[in-house]
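Contents: one structure, followed by commentary.
The sequence lines fix the lettering, A, B, ..., with proteins before strands; numbering per chain opens at 1. Every value quoted in this text rests on a predicted model; they were computed, and no experiment measured them.
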Amino acid sequence: MGSSRPIHWAPSSSDRDRSRALSVMGISDAFELYRDVPHNLILDKPPRAGFDRMLSEWELRLTVEKYLSKNTMYIDPPPFLGGGWCPHLVPALVDYIISRPEFLTAYTPYQAEINQGLMQALFEYQSLIADLVELDVVNASMYDGSTAVAEAFLMALRVTKKRKILVPEHMHPEYRRVVETWLYGKNALLVSVRYDEHTGRVSLGDLESKIDNETAAVYVENPSFLGSIEEDVEAMADAAHKKGALFIVKFEPISLGLLKPPGRYGADIAVAEGQPLGLGLNYGGPGLGIFAVRWDRKLVRQMPGRIIGLTRDAEGRRAFAMILQTREQHIRREKATSNITTNEALMAVAAAAYLTLLGGRGLRDLAQSIWLRSHYLAKRLSEIGVEAPVFESEFFKEFTTRFPKQYKAIHVELKKRGILGGLSLDRYWPEKSNECLFCVTELHSMKHIDKLVEAISEVIKE
Amino acid sequence: MGSSRPIHWAPSSSDRDRSRALSVMGISDAFELYRDVPHNLILDKPPRAGFDRMLSEWELRLTVEKYLSKNTMYIDPPPFLGGGWCPHLVPALVDYIISRPEFLTAYTPYQAEINQGLMQALFEYQSLIADLVELDVVNASMYDGSTAVAEAFLMALRVTKKRKILVPEHMHPEYRRVVETWLYGKNALLVSVRYDEHTGRVSLGDLESKIDNETAAVYVENPSFLGSIEEDVEAMADAAHKKGALFIVKFEPISLGLLKPPGRYGADIAVAEGQPLGLGLNYGGPGLGIFAVRWDRKLVRQMPGRIIGLTRDAEGRRAFAMILQTREQHIRREKATSNITTNEALMAVAAAAYLTLLGGRGLRDLAQSIWLRSHYLAKRLSEIGVEAPVFESEFFKEFTTRFPKQYKAIHVELKKRGILGGLSLDRYWPEKSNECLFCVTELHSMKHIDKLVEAISEVIKE
Amino acid sequence: MSTSKKEWRQARWSEPLVYEIGDPQKTGVILPYLDELPKLAERVGARPQGKVFREDTPDLPGLSEVETARHFNRLAQMSYGVDVGPVPLGSCTMKYNPKIFEEIVRDPRIKFLHPLQDEDTVQGLLEMLYLLERWLAELTGMDRCSLQVPAGAAGELAGALMIKKYHADRGEERDEMLVPDSAHGTNPASAAMAGFKVVRIPTSSRGTIDLEALRSVAGPRTAGLMLTNPSTLGIFEDEILEVAKLIHDSGGLLYYDGANLNGIMGIVRPGDMGFDIVHLNIHKTFAAPHGGGGPGAGVVCAKGDLVDYLPRPLIERDDSRYFWDYSCDKCIGSMRIFYGNIVPLLKGFLYIASLGGKGLREVAIQSVINTNYFITLIKNTKGYELPYDPSKPRKHEVVISAKPLLNDTGVSAGDVAKALLDRGLHAPTMYFPLIVDEALMIEFTESEPLETIEEYAKTLKEIAEQAYTNPGKIKEAPANTSVRRVDDVYANHPKTVTPTYRVYLKRLRGEIK
Amino acid sequence: MSTSKKEWRQARWSEPLVYEIGDPQKTGVILPYLDELPKLAERVGARPQGKVFREDTPDLPGLSEVETARHFNRLAQMSYGVDVGPVPLGSCTMKYNPKIFEEIVRDPRIKFLHPLQDEDTVQGLLEMLYLLERWLAELTGMDRCSLQVPAGAAGELAGALMIKKYHADRGEERDEMLVPDSAHGTNPASAAMAGFKVVRIPTSSRGTIDLEALRSVAGPRTAGLMLTNPSTLGIFEDEILEVAKLIHDSGGLLYYDGANLNGIMGIVRPGDMGFDIVHLNIHKTFAAPHGGGGPGAGVVCAKGDLVDYLPRPLIERDDSRYFWDYSCDKCIGSMRIFYGNIVPLLKGFLYIASLGGKGLREVAIQSVINTNYFITLIKNTKGYELPYDPSKPRKHEVVISAKPLLNDTGVSAGDVAKALLDRGLHAPTMYFPLIVDEALMIEFTESEPLETIEEYAKTLKEIAEQAYTNPGKIKEAPANTSVRRVDDVYANHPKTVTPTYRVYLKRLRGEIK
Ligand SMILES: Cc1ncc(COP(=O)(O)O)c(C=O)c1O
Ligand SMILES: Cc1ncc(COP(=O)(O)O)c(C=O)c1O
């Protein structure tokens with residue numbers, strides 16, 4: 001045991017330091033510190049993990065290079081893949097800010113006085129999101145959009161003490177799966193509300209027919225998974241509130257540059273995936289679960305997650321503190337509003353930096369740019385005879401497209417041309433095998449879009 | 001002029017801010033601020049620079065990607081190219097440290113009180129180098145190894161008020177060219193000293209025969225450009241000192257893990273290229289000119305460059321300050337010891353961090369690893385019948401190899417096999433077209449070396 | 001000239017909120033391809049319309065790039081992480097985060113991969129994840145792992161749901177989850193979220209789970225036991241095999257909270273102890289940084305029949321390729337979208353790749369040496385005591401009590417924490433586990449050098465000494481941090497609680513009372 | 001609850017020197033392929049031998065990775081750059097350094113290129129350098145540029161040598177270099193290094209070069225004139241065409257110190273003004289960061305016959321490829337090895353690529369607006385005055401004088417500087433140019449927002465007010481920086497001057513007096 005030089009990142013593991021420490025402790029072998037561990041449990045040799053030896057930085061770099069070279073990165077053009085996770089701008093400054101060692105290597109700021117900067121950044125995140133959605137209370141993050149929805153549902157069950165939740169039948173299928181998982185332990189009931197085949201919007205009639213006094217919440221995605229922007233949101237909110245149910249809206253953060261914020265049309269809880277706010281793709285993680293709630297004691301007391309608040313120090317200076325901790329697991333244990341502790345704080349800082357860089361007008365410009373580009377693609381596709389969008393309704397960055405033949409085959413052809421096309425909808429609905437979901441963002445130039453359209457027009461002619 | 005949104009990194013160039021500023025100034029057009037510029041000098045349109053439009057971050061990234069994809073990077077195996085600039089380990093921590101914004105975006109610390117951290121880092125650099133070379137005074141950096149040599153020569157001329165400098169005939173050819181350029185304005189004379197054809201070492205006899213009372217300095221490279229480690233350095237120092245000349249040694253910093261430091265064998269000035277100390281390749285720049293001098297009033301007063309010293313603040317705390325500034329151009333103008341101001345401070349910080357990470361024993365281990373690997377390559381080459389090394393003398397990481405045929409043709413074949421071979425010596429000496437300089441470092445594994453040797457043995461058989 | 005006493009003070013910037021310096025018309029980013037907009041507008045023809053579109057611009061303050069950089073840099077200087085000094089928060093495993101990992105995961109061939117892109121285009125990434133999964137299974141003694149869970153608590157929830165579904169599938173009604181009183185708060189919270197009744201198990205005077213008490217509650221309603229070993233006291237459960245047998249015999253399952261693996265990693269495996277399900281925290285044991293609270297990454301692993309219940313997808317390979325296996329016969333579903341927190345997961349991959357099995361074992365040993373070295377230095381210090389059998393070696397961490405100090409001087413564990421901050425050292429975890437009065441829970445991990453541990457012990461000693469001579473001074477700490485002691489009452493009082501700037505303004509305007 | 005007066009104090013760590021915490025046996029890096037060493041030793045057989053090999057280990061303190069990270073992070077917190085606040089050092093052009101550039105130049109396809117690798121393997125890099133050279137030639141109105149010079153001063157030396165060789169090649173003996181008294185110290189220093197006698201030209205009361213004085217010295221010994229336009233006073237030399245004619249008529253050449261280009265870039269070109277040789281500072285005008293003193297990057301450009309004299313190699317292209325042209329018929333040689341400081345040069349490339357010609361022009365205009373906006377705010381502030389024709393607009397920078405303040409209150413420009421530090425703002429350049437008493441030379445560049453300029457002007461005003469009421473307080477500044485006023489006398493006194501720790505120890509041991 002031990003070696004003449006210390007191992008990586010364990011500075012006192014050298015022979016010299018080890019024996020110094022052991023002699024101070026008055027023992028001769030570090031294994032004496034395991035004397036209380038049943039002998040038969042101790043492995044007789046180290047586990048088979050890693051590459052059977054230690055790798056230096058350089059060796060690690062070369063090793064990883066071998067794996068990375070097997071990945072194909074699409075940047076020019078960027079992927080047209082939708083599914084609630086699209087390529088977006090990550091300003092270099094955002095990465096720079098979240099690389100600051102004082103943020104990156106900090107723990108949850110349990111010691112307020114020494115972590116005021118981090119706390120101010122998180123307070124600013126909460127504040128910016130609050131103004132974005134126009135709801136007063138925001139927590140310091142959930143894991144991602146899907147768990148934010150699950151937590152919102154759990155919260156609705158707690159607040160209303162009812163068990164039924166209405167969800168769109170075309171709810172994001174991966175979100176639905178997550179929500180079902182999280183609700184498994186609770187005796188909850190998810191009821192699907194139909195969508196209008198023409199508009200792709202939630203059918204208000206069906207919703208009203210299904211809502212009842214057992215309903216804890218009405219949940220809507222705006223835009224929907226298939227791309228449609230909902231119109232009757234106020235009516236839905238009314239319908240929910242009339243029955244004592246909460247109205248939960250999942251939004252797309254950048255879209256609020258153009259769309260009314262959920263707080264304006266009656267949302268009690270608004271949730272979102274924060275990935276578009278400067279987080280990057282990263283093969284799907286980390287994300288950022290945005291979670292905002294109306295200012296209402298009853299609601300706030302049932303919120304999950306950490307919240308940073310404004311306060312003062314002993315000399316009257318402005319200061320920040322973790323607030324309402326009596327909701328949390330480390331105090332309330334089995335009665336906590338959630339089990340979450342490690343969250344996505346650094347991603348919240350990234351989102352705060354991103355929103356600060358954009359400003360309100362920048363966000364509006366960005367939303368407009370995305371709206372125009374996605375509509376440009378739809379228009380060009382319909383010009384070559386492809387059904388795009390499938391639904392007669394407004395859309396923002398993602399939209400459903402229907403082809404004369406199986407989309408998967410088209411996708412393969414596009415890939416041969418260096419293009420990562422849309423998301424084949426048969427991933428979730430086998431009957432939708434001719435359809436895909438495209439996502440177009442500010443990163444797609446007209447040339448990129450033209451290139452996609454030309455490739456498609458070639459491929460469908462074949 | 002102006003635009004509704006600000007341009008990149010000029011936050012107040014938006015229409016709104018511009019007109020606010022102009023109205024405070026009481027003018028209506030920013031061009032009034034150029035009213036004193038002769039009209040006929042003002043360009044009627046913007047110059048043709050860049051890509052005729054502004055590029056966003058994303059567009060810049062895609063643009064650069066096109067250029068970068070045309071470069072071939074050799075990492076596995078790394079280049080075997082010598083020439084005084086070899087691939088070496090750049091610990092990630094070193095890059096991280098010099099990315100700290102407080103260091104990266106600081107100016108020369110003219111305001112000591114607000115830049116103590118930067119100054120301490122530079123003081124530590126000076127101190128570490130001083131202990132490495134065993135000379136007492138080190139400046140905060142020269143541009144690179146070659147200009148450090150040039151400045152050393154200029155300093156020798158000032159100190160001795162003589163004009164002749166002895167240099168090895170096989171002095172690094174690029175260094176020689178630089179030195180000749182810098183000395184052009186001074187009436188100096190470079191005299192070449194022959195090297196022994198067997199050992200590749202400077203001929204002590206020839207040196208002694210050429211040194212005279214007009215000699216300002218004797219300069220030696222250890223190891224030499226062709227790889228030989230000098231043995232008779234003490235004798236050279238004596239010879240120089242006897243004639244009142246300075247003894248100037250160019251060393252390789254990592255080699256001092258194994259070799260005696262220049263301060264121990266009589267060097268008055270020791271210079272080096274600091275690139276091996278964690279700076280990376282970067283296609284040749286930035287480098288780090290290391291410059292160390294013996295503790296001698298007369299010498300120190302003639303030193304070029306910035307020096308940070310230890311002092312105290314008004315309350316007696318330890319503090320750092322720029323010292324001996326009366327040598328420098330901003331005070332002494334045409335009587336300054338050098339014109340240098342912007343130097344390579346951040347690279348000095350990198351070198352300090354690198355040396356701190358290694359420690360004395362780490363440096364010795366590193367030097368040993370390099371010594372073994374370069375000797376392994378030489379041995380394997382001689383096993384396949386290649387003359388390696390050409391000289392009968394000790395070498396460290398670079399050594400000269402002679403092939404039975406033109407090296408250039410071999411090089412091309414190696415490149416086809418994904419190997420960047422040695423430096424063809426006909427770049428500098430047409431008659432040495434069968435020879436090349438290999439460099440082997442800690443980054444070359446036995447497998448890398450074996451791969452090179454196998455490729456060479458294939459190629460020379462062809 | 002250059003001797004000076006050790007002084008510390010944190011930067012203080014009284015940095016305004018972005019609201020106080022920003023402006024919705026300001027922006028720090030140039031959007032891509034803005035010059036195309038007029039042409040696009042022309043080609044598209046239409047404009048956004050409908051009643052859900054807004055006319056106004058969002059009221060969000062913007063700043064230029066330079067102002068944004070400065071704002072956050074100044075905030076950073078008022079923060080503190082492992083890269084600034086030791087953060088020996090017990091239970092949190094605040095290791096040093098190697099810089100090489102940060103550099104590698106910034107590669108665009110990771111950053112720019114879409115989660116839904118075709119598997120044949122991400123084989124390299126999948127291979128790394130596959131290896132990671134294999135290694136973690138080996139380290140825990142489990143058969144398979146799911147990389148999905150974004151943190152430890154989510155792993156616990158997954159585990160609790162797996163236990164629930166396992167029993168349900170077998171038609172058994174088991175609604176009680178046993179949780180020791182020393183457990184981390186996430187354990188009971190997770191069990192409750194999964195719909196279990198939480199049954200609290202006391203800790204024996206030996207600092208281990210009370211086997212008798214356990215025996216008295218284990219039975220037909222027992223769904224399982226959630227346990228961490230070593231416990232949050234840093235004490236190894238030496239009767240773990242008996243515990244496992246007892247629970248299994250009663251028909252329950254064993255869940256392992258892996259947050260405390262660091263001291264035994266590569267030496268003892270939860271699987272060998274009898275655990276059926278395990279979660280690990282990549283951001284603790286495997287050196288991914290905490291990021292001021294997250295993102296972390298978890299994994300949840302299972303053995304035998306329980307593998308079927310793991311959240312999907314699992315990483316798989318066949319002869320020619322790596323792929324995500326979504327097949328789910330009995331599985332609980334998915335804990336989040338996609339596959340997991342890839343970036344921290346990859347840091348875990350890099351950590352294990354760097355160290356190998358042997359290195360990981362050395363890490364464990366060193367972390368235990370560090371804990372016990374500290375105990376040796378601090379023990380017999382007036383004011384502190386080591387509750388529960390002091391003769392037992394601790395593992396990854398140790399919990400000391402400042403109860404004597406409180407009794408003697410009125411200085412509490414919380415005050416000691418603030419006094420540490422005042423000396424440039426981060427405080428330990430306070431008041432946890434709940435079974436120790438005035439608890440200070442200290443975990444150095446293997447990454448603190450002996451010198452830091454010595455300094456920390458010395459400082460704790462000095463603080464205790466000061467408490468005996470001048471307790472008032474400590475009650476006033478901290479003075480050297482960017483603000484002085486923060487007012488928690490004001491922060492939480494219904495009349496003043498202010499979670500966002502929006503609420504702050506409403507309060508100013510009298511719209512909220 | 002949340003109003004608080006603006007407070008600032010810098011972090012203070014009293015961080016030990018690495019010597020006081022390190023140890024030669026400690027190390028923070030694992031060397032590559034260490035496990036091969038025994039095998040290598042066996043295969044090689046021999047050991048290093050000879051009298052120049054040492055037996056001992058270098059006496060250099062080592063630290064672990066975590067300790068090294070903390071050490072430098074703490075030092076960083078005690079430093080100050082543009083990313084922390086404004087650094088309006090006149091003549092230094094301290095712009096914001098865009099983060100995207102830093103990210104891009106870290107690409108391994110730049111970092112890992114060897115300077116001597118075959119040109120066909122670096123065509124992409126060469127293409128970028130080629131474009132950069134073309135753009136800079138266009139911006140300066142020159143024909144060709146050499147990217148070789150590592151900084152501005154090296155560009156000046158190159159220029160001076162070119163002038164020297166040019167005259168020598170024509171058999172002319174011209175040994176006088178004319179340099180205005182307002183010039184940067186590097187100008188006369190460079191001229192002297194090239195072997196010239198420096199002839200000082202006074203500044204007229206208009207703040208421009210004294211044409212009469214110039215006329216009186218220009219003649220057959222005149223090798224050239226080194227000039228920056230706008231001058232270091234920020235004033236445009238409006239008689240530049242007359243100046244150029246005068247020098248050219250006398251047979252001399254004109255050298256342009258490009259450090260002050262920022263305010264006229266894209267609007268007026270040195271080439272059109274009559275300059276023959278120009279240097280530019282990529283780290284000033286083109287936004288490469290200063291790095292605490294360097295590395296910077298320079299270029300030196302020339303027109304007409306002078307192109308032949310530029311240091312080699314030059315970047316060239318033919319039909320199929322880019323390459324380095326070493327051909328040197330009359331050239332002065334090389335200013336350094338290889339091709340230049342590639343990393344900062346590429347940042348210059350990225351800067352120009354981002355902005356384009358139109359954007360660069362806007363940068364210039366904005367920098368001039370910022371200067372004159374500041375002048376408007378500060379003028380009529382008691383204590384300061386604007387020397388030389390106040391009616392003239394300044395360009396990239398302005399020099400004000402604190403002479404009235406000194407006379408009235410005893411508070412000097414240097415004291416004002418320290419008082420600025422005390423308020424969290426970096427001081428301007430002090431006591432330069434030498435022709436202005438109590439000079440404060442202020443350059444905001446285009447990257448400071450109006451708000452920062454307003455704060456700066458307001459703070460200068462407050463300092464002046466305090467000087468009139470309580471000058472002693474200002475003489476004591478700074479108190480809020482990590483140390484108080486630094487003792488320069490002690491630092492430089494022969495009995496105490498200490499350039500390295502080695503000397504410090506020798507002093508302690510009495511080996512040096
Ligand atoms: C013992 C223990 N269990 C569980 C957790 C929860 O893990 P996470 O924070 O990753 O959700 C933690 C840490 O917070 C812990 O210390
Ligand atoms: C006017 C002027 N000329 C020349 C220089 C020298 O440039 P560098 O510092 O790049 O050597 C500077 C800056 O220091 C300067 O301000």
Side-chain angles (χ1 to χ4, degrees), chain B residues 10-13 21 25 33 41 46-47 49-50 57 67-68 70-73 79 97 100-102 105-106 108 112-114 116-118 127 130 143 146 174 177 181 185 260 283-286 310-311 313-314 319 321 329-330 333-334 336 339 342-346 357 359-360 362 372 375 445, chain D residues 24 27-29 40 44 57-58 60 62 72 75-76 78-83 100 109 113-115 121 123-124 135 150-151 153 185 188-190 192 194-195 198 291-296 333 337-338 341-342 356-358 361 366 373 393 446 449-450 481 483-486 491 498 500-502:
Chain B
S12 297
S13 61
M25 289 188 267
L33 300 171
L41 283 179
E57 276 195 18
Y67 298 114
L68 294 186
K70 292 183 206 157
N71 296 335
T72 311
M73 167 181 86
I97 286 169
R100 277 287 303 213
E102 295 93 335
T105 70
T108 302
E113 293 83 0
I114 208 165
Q116 286 292 301
L118 172 61
S127 300
Y143 301 132
S146 69
E174 306 228 7
R177 184 178 162 97
T181 307
K260 284 185 189 148
Y283 199 57
L310 206 55
T311 183
D313 80 353
Q329 48 72 31
H330 61 287
R333 302 180 74 81
E334 62 266 30
N339 65 344
T342 291
N343 55 16
E344 313 289 304
L346 199 65
L357 267 180
L372 277 171
H375 284 71
S445 68
Chain D
T27 196
V29 76
L40 276 166
V44 168
T57 296
L60 299 174
F72 285 97
L75 295 184
M78 295 190 287
S79 306
Y80 190 106
V82 175
D83 275 12
I100 179 71
R109 291 164 297 174
L113 297 183
H114 191 286
T121 64
Q123 285 294 303
W135 297 339
S190 300
V198 174
I337 47 165
F338 309 135
N341 272 356
I342 299 299
K358 190 159 164 291
R361 188 179 191 136
Q366 191 59 41
Y373 184 64
E446 70 288 352
L450 298 182
T481 45
V483 299
R484 302 207 57 165
R485 210 174 282 203
V486 158
T498 307
T500 56
Y501 193 70
R502 196 175 171 82

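Residues E344(B) and N341(D) meet the side-chain proximity criterion, which asks for heavy atoms closer than 4.5 Å. Side-chain contact between L75(D) and R100(B): absent, with no pair of heavy atoms (C-beta onward) separated by less than 4.5 Å.
With a 4.5 angstrom heavy-atom cutoff, P79(B) touches chain D only via side-chain atoms. Heavy atoms of I97(B) lying under 4.5 Å from chain D belong exclusively to its side chain. Proximity to chain B involves both the backbone and the side chain of R485(D), based on heavy atoms less than 4.5 angstrom apart. Proximity to chain D is limited to the side chain of S146(B), based on heavy atoms less than 4.5 angstrom apart.
Atoms CG and OG, from N339(B) and S190(D) in turn, are 3.5 Å apart once rounded to the nearest 0.5 Å. The distance from atom CE of M78(D) to atom CD1 of I114(B), rounded to the nearest 0.5 Å, is 13.0 Å.
Among G296(D), P393(D), P449(D), the residue making the largest number of heavy-atom pairs under 4.5 Å with chain B is P393(D). The candidate with the highest count of non-hydrogen atom pairs below 4.5 Å against chain D, out of H330(B), K260(B), H375(B), is K260(B). Between chain D and the residues A345(B), G360(B), A21(B), the most heavy-atom pairs under 4.5 angstrom are made by G360(B). Chain D forms the most heavy-atom pairs under 4.5 Å with one residue out of A10(B), P101(B), P286(B), A336(B), and that residue is P286(B). Ranked by non-hydrogen atom pairs under 4.5 Å with chain D, the options A49(B), G362(B), G284(B) are led by A49(B). With chain B as the partner, the residue from A192(D), P58(D), G356(D) showing the most heavy-atom pairs under 4.5 Å is P58(D). Interface check for chain B: of the options A189(D), G62(D), A151(D), the most heavy-atom pairs under 4.5 Å are formed by A189(D). Counting heavy-atom pairs closer than 4.5 Å to chain D, the top-ranked of the candidates E113(B), E174(B), K70(B), Q329(B) is E113(B). Listed options A194(D), G357(D), G195(D) were ranked by heavy-atom pairs under 4.5 angstrom with chain B; first place goes to G357(D). Put simply, of G293(D), G28(D), G81(D), the one with the most heavy-atom pairs under 4.5 Å next to chain B is G293(D). No other option in A153(D), G291(D), A491(D), P150(D) has as many heavy-atom pairs under 4.5 Å with chain B as G291(D). Here N71(B) is the residue among L118(B), T108(B), T342(B), N71(B) with the most heavy-atom pairs under 4.5 Å with chain D.
Residue G333(D) comes nearest to T181(B) through the heavy atom pair CA-OG1, 3.3 Å, listed as atom of the first residue, atom of the second, then distance. In this structure, E334(B) and P188(D) approach most closely via the heavy-atom pair OE1-CB, 3.4 Å. For T311(B) against V486(D), the heavy-atom pair with the smallest separation is CG2-CG1, 3.7 Å.
Judged purely by atom type and a 3.5 angstrom limit, T27(D) uses its side chain to pair as donor or acceptor with the backbone of L357(B). Looking at T498(D), its side chain never comes within 3.5 Å of a backbone N or O of L310(B) through a donor-acceptor pair. S12(B) places a side-chain N or O within 3.5 Å of a backbone atom of L450(D) that can act as its donor or acceptor partner. A donor-acceptor contact shorter than 3.5 Å links the side chain of T105(B) to the backbone of D83(D).
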